[in-house]
Amino acid sequence: MTLSVDSNESNGGESLEREKKWIRDIVRHGSRRAADALVRSYYDEIYAFVYRQTGKREDALDLTQECFLAALRSISSYDSKKSGFRTWLYHIAAHKVIDLRRKQRIVYYSLDEQEEIADEQDFTLDIQNKELLAEIEQLVSAQDPLLQEIYRLRVYGEHTFPQIADATAQPESKVKAQYYRLIAKIKKNHEL
């Protein structure tokens, strides 16, 4: 698992100061240039985070856009003392994915459609993996939003437990306990 760190740790002081200036310019002056620069600096990363969870380009594009619109609308409420801007964005993105999962319905395919696809050699393995992932996602989506956020930030965002604790304003020990209980539940349900 790749270690993700907050922008103030990874980009250095100069990038952090530039980010603070962009945020200040957006809040004080409504600067479109600063908003554009801020979005560009995080767009690919947030898109990848969302895409890994949705698996659909269109959904990922839509949710990424929604994430940044929500962030820019509420940027005046962002508090750098509570978390880094990057962590705050991941928090918003995780909730956008949770909202999407609540709206989605399971799609069933007819036997005729499945038979057409069955000609591919790897179909059985692909379907088993997709079914397993869908079952796991269904189990996760049935959990409370905080637990879903912890899971998504850890698995899809590759955040550390301290980063997740910061993003969710929860004690690290509670974050770890909830995450590992959910993983045990997933393993038990799927005999992994």
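In this text, all values refer to a predicted model and were calculated from it rather than measured experimentally.
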Is a side-chain donor or acceptor of [X] paired with a backbone partner of [Y] at a separation under 3.5 angstrom?
X: Gln170; Y: Val175; answer: no
X: His159; Y: Ile164; answer: no
X: Tyr51; Y: Leu61; answer: no
X: Glu158; Y: Arg154; answer: no
X: Ser31; Y: Ala34; answer: yes
X: Gln163; Y: Thr160; answer: yes

Using 0.5 Å steps for rounding, measure from the [atom1] atom of [X] to the [atom2] atom of [Y].
X: Leu139; Y: Leu182; atom1: CG; atom2: CG; value: 6.5 Å
X: Arg57; Y: Thr64; atom1: CZ; atom2: OG1; value: 10.5 Å
X: Ile75; Y: Arg73; atom1: CD1; atom2: CZ; value: 13.0 Å
X: Asp99; Y: Gln148; atom1: CG; atom2: CD; value: 9.0 Å
X: Lys188; Y: Arg181; atom1: NZ; atom2: CZ; value: 14.0 Å
X: Leu38; Y: Leu72; atom1: CG; atom2: CG; value: 7.0 Å

Practice task
Please answer: with hydrophobic residues joined when any side-chain heavy atoms are less than 4.5 Å apart, are Val39 and Leu69 in the same cluster?
Solution key: no
Handout entry: Leu63 reachable from Val155 in the ILVMFWY side-chain graph, under 4.5 Å edges
Key = yes
Exercise for the section: Check step by step if side-chain contact (heavy atoms from CB on, under 4.5 Å) holds for Leu89 and Cys67. Expected result: CA-CA 7 Å; Leu89 277 176; Cys67 173; 4.2 Å; yes
Exercise for the section: Using the test side chain to side chain contact (heavy atoms under 4.5 Å, CB included), find all partners of Ala70 that sit at least two apart in sequence or belong to another chain. Expected result: Ile92, Lys96
Practice task
Go through Arg24 and Lys20 one step at a time and tell me if the side-chain contact (heavy atoms from CB on, under 4.5 Å) criterion holds.
Solution key: CA-CA 6 Å; Arg24 201 171 36 251; Lys20 286 180 181 179; 4.3 Å; yes
Problem - Glu172: partners by salt bridge (charged side-chain N to carboxylate O under 4.0 Å, His left out), with sequence neighbours left out - result: Lys176
Exercise for the section: Check Trp22, Phe85, Tyr47 against Tyr42 for a ring-ring contact (aromatic ring centres under 6.0 Å, His included) and give me the one that passes. Expected result: Phe85
Practice task
With sequence neighbours excluded, tell me which residues meet ring-ring contact (aromatic ring centres under 6.0 Å, His included) with Tyr151.
Solution key: none
Practice task
Step by step, work out the salt bridge (charged side-chain N to carboxylate O under 4.0 Å, His left out) result for Arg86 and Glu45.
Solution key: CA-CA 10 Å; Arg86 180 178 178 271; Glu45 185 176 347; 2.4 Å; yes
Problem - Mutual orientation of the aromatic rings belonging to Phe161 and Tyr180 [parallel < 30°, tilted 30-60°, perpendicular > 60°] - result: tilted
Practice task
Show the numbers, then the answer: is there a side-chain contact (heavy atoms from CB on, under 4.5 Å) between Arg18 and Lys21?
Solution key: CA-CA 5 Å; Arg18 185 173 45 233; Lys21 182 183 180 327; 5.6 Å; no
For residues [X] and [Y], report the shortest heavy-atom separation together with the two atoms involved.
X: Ala167; Y: Thr87; value: CB-CG2, 3.2 Å
X: Tyr156; Y: Glu137; value: OH-OE1, 3.4 Å
X: Glu149; Y: Ala94; value: CG-CB, 3.9 Å
X: Ala71; Y: Trp88; value: O-CH2, 3.4 Å
X: Ile26; Y: Ala35; value: CD1-CA, 3.5 Å
X: Leu147; Y: Gln178; value: CD1-O, 3.5 Å

Practice task
Could you tell me whether the side chains of Gln138 and Ser141 share a donor-acceptor contact shorter than 3.5 Å?
Solution key: no
Exercise for the section: Please report the C-alpha distance between Ile186 and Val140 in whole Å, then the side-chain angles of each, then the deciding distance to 0.1 Å, and finally whether the side-chain contact (heavy atoms from CB on, under 4.5 Å) criterion is met. Expected result: CA-CA 8 Å; Ile186 291 169; Val140 170; 4.0 Å; yes
Practice task
Check the pair Asp36 / Arg32 against salt bridge (charged side-chain N to carboxylate O under 4.0 Å, His left out), numbers first and verdict last.
Solution key: CA-CA 6 Å; Asp36 184 54; Arg32 288 180 180 250; over 6 Å; no
